[in-house]
Amino acid sequence: MNVIELRNLHYRWQGQSRDTLAIAELHVAQGEHLFIRGASGSGKTTFLNLLAGILHPASGSLTILGQALHSMDNAARDRFRADHMGVIFQQFNLLPYLSVRENVQLPCHFSTRRKQQAGDMQATTNRLLEHLGLDRNLWERPVTDLSVGQQQRVAVARALIGSPELIIADEPTSALDTDTRDGFLNLLFQEAAAQGSTIVFVSHDPHIASHFPRVVDLAKVNQTLIPSTPNPK
């Protein structure tokens, strides 16, 4: 089963004379880990925002989990994203007035499906935070008390809670050193594999690509997304 299917997808920012993205075709299978590579300004974040339903394509088809996202209205796309997607933003977008635990559990307050999938929400939250290596003494603290690396782990736990089928990550490792970055990726892959989630991860860092079995390069002429290529072993 393909989690993502795109055909002849075009997006252009208002006032621009050419497409920001023109994607002929792209399929992403269930459980696959896909890396999107490209320099700043190549359209990586735009691409993720289209996948997440935050932006709407000008033309073409975008099917996520068998649902035609391009045919949904804004409210339907918001509901679909809340139920089926976990998003890790580049700036994390944690709520500063909530505790670590409350930030992690936030998606379950917007999605009955995610809440049901989480089961015992307290136990699931504890498990995710433990697996992601966040000290138990921090769990009831406001997220503003945490370091960047610790906030990142909270953002990942929030994306993973309730077992969403699709995890979307927008350069979440940009502020990390090499060792911390590699450890973070290993934890992300372990948790996603445990719940069968598909990962789409974007970055301009070529070193991160070596962690992924499949790579797509956005930094090409004519704003065309070329077919994905397997990583060398």
Side-chain angles (χ1 to χ4, degrees), residues 1-6 25-36 47-54 62-69 72 76-89 92 103-134 152-173 181-203 208-216 228 230-231 233:
M1 172 184 172
N2 288 323
V3 170
I4 299 171
E5 295 185 355
L6 291 85
E25 186 173 11
L26 178 68
H27 295 165
V28 183
Q30 182 178 4
E32 190 167 17
H33 296 172
L34 173 65
F35 181 84
I36 304 293
F47 175 71
L48 290 191
N49 285 337
L50 286 165
L51 291 185
I54 296 169
L62 170 56
T63 303
I64 308 290
L65 296 166
Q67 301 298 310
L69 210 63
M72 297 180 184
R77 292 200 307 273
D78 288 345
R79 288 193 301 271
F80 187 82
R81 180 172 60 254
D83 283 341
H84 301 285
M85 302 183 196
V87 183
I88 308 170
F89 299 95
F92 309 147
N103 266 282
V104 172
Q105 296 174 352
L106 197 59
C108 297
H109 295 292
F110 292 101
S111 170
T112 300
R113 180 188 179 279
R114 296 273 291 274
K115 184 176 181 179
Q116 291 172 342
Q117 289 281 104
D120 184 333
M121 194 155 54
Q122 297 297 337
T124 299
T125 303
N126 293 351
R127 181 185 62 80
L128 285 170
L129 291 173
E130 285 174 352
H131 283 196
L132 290 166
L134 194 66
Q152 182 189 58
R153 284 164 167 73
V154 177
V156 172
R158 182 183 62 184
L160 289 168
I161 197 167
S163 301
E165 295 98 321
L166 178 59
I167 304 296
I168 294 174
D170 186 5
E171 300 209 49
T173 61
R181 178 198 66 199
D182 292 348
F184 159 76
L185 289 170
N186 289 335
L187 288 167
L188 175 61
F189 294 153
Q190 289 171 15
E191 288 296 332
Q195 61 189 39
S197 298
T198 301
I199 298 175
V200 177
F201 190 112
V202 305
S203 177
I208 298 178
S210 64
H211 292 266
F212 287 78
R214 186 179 176 204
V215 177
V216 165
S228 61
N231 265 330
K233 296 299 183 182

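Counting heavy-atom neighbours within 6.0 Å of Gln30 CD, excluding the residue itself, gives a total of 12 or less.
The minimum heavy-atom distance linking Pro164 with Ala159 is given by the pair CG-O, 3.1 Å. Considering all non-hydrogen atoms of both residues, Thr124 and Ala118 come closest at OG1-O, 2.5 Å. In plain terms, the two heavy atoms of Ala169 and Leu48 that are nearest each other are O-CD1, 3.5 Å. Across all non-hydrogen atoms, the minimal contact from Ser197 to Ile167 is CB-CG1, 3.8 Å.
How far CG of Leu51 is from CG of Leu6: 6.0 Å, rounded to the nearest 0.5 Å. Remark: His84 NE2 to Gln67 CD distance equals 7.0 Å, nearest 0.5 Å. Note that CG of Leu188 and NE2 of His131 are 14.5 Å apart. Values are rounded to the nearest 0.5 Å. One finds the CD1 atom of Ile168 at 13.0 Å from the CZ atom of Phe201 (value rounded to the nearest 0.5 Å). For the atom pair Asn103 CG and Thr125 OG1, the distance stands at 11.0 Å (nearest 0.5 Å). Atom-to-atom distance recorded for Lys115:NZ and His109:NE2 is 7.5 Å, nearest 0.5 angstrom.
A donor-acceptor pair under 3.5 Å is formed between the side chain of Gln152 and the backbone N or O of Pro172. Judged purely by atom type and a 3.5 angstrom limit, Arg114 uses its side chain to pair as donor or acceptor with the backbone of Met85.
The side-chain hydrogen bond (donor to acceptor under 3.5 Å, both in side chains) test applied to Ser163 returns no partner, not counting sequence neighbours.
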Next on the checklist: Run Glu32 and Ile4 through side-chain contact (heavy atoms from CB on, under 4.5 Å) and show every step you take.
Outcome noted: CA-CA 10 Å; Glu32 190 167 17; Ile4 299 171; over 6 Å; no
Next on the checklist: Between Leu65 and Met1, is the side-chain contact (heavy atoms from CB on, under 4.5 Å) condition met? List the steps.
Outcome noted: CA-CA 8 Å; Leu65 296 166; Met1 172 184 172; 4.0 Å; yes
Next on the checklist: Quick one, Val202 with Glu171, criterion side-chain contact (heavy atoms from CB on, under 4.5 Å). Give me CA distance, side-chain angles, the key distance, then yes/no.
Outcome noted: CA-CA 6 Å; Val202 305; Glu171 300 209 49; 4.2 Å; yes
Next on the checklist: Between Leu187 and Val156, is the side-chain contact (heavy atoms from CB on, under 4.5 Å) condition met? List the steps.
Outcome noted: CA-CA 9 Å; Leu187 288 167; Val156 172; over 6 Å; no
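Every pair passing salt bridge (charged side-chain N to carboxylate O under 4.0 Å, His left out) that includes a residue from residues 78-88 is listed here, sequence neighbours excluded: Asp78-Arg81. Counting only residues at least two apart or in different chains, salt bridge (charged side-chain N to carboxylate O under 4.0 Å, His left out) contacts with residues 181-198 comprise Arg127-Glu191, Arg181-Asp205.
For the pair Arg77/Leu69, a side-chain contact is recorded, criterion being any heavy-atom separation below 4.5 Å from C-beta on. Phe47 places a side-chain heavy atom less than 4.5 Å from the side chain of Leu26. Under the 4.5 Å side-chain criterion, counting only non-hydrogen atoms from C-beta, Ile208 is in contact with Phe35.
The aromatic rings of His211 and Phe189 lie tilted to each other, with the angle between the two planes from 30° to 60°.
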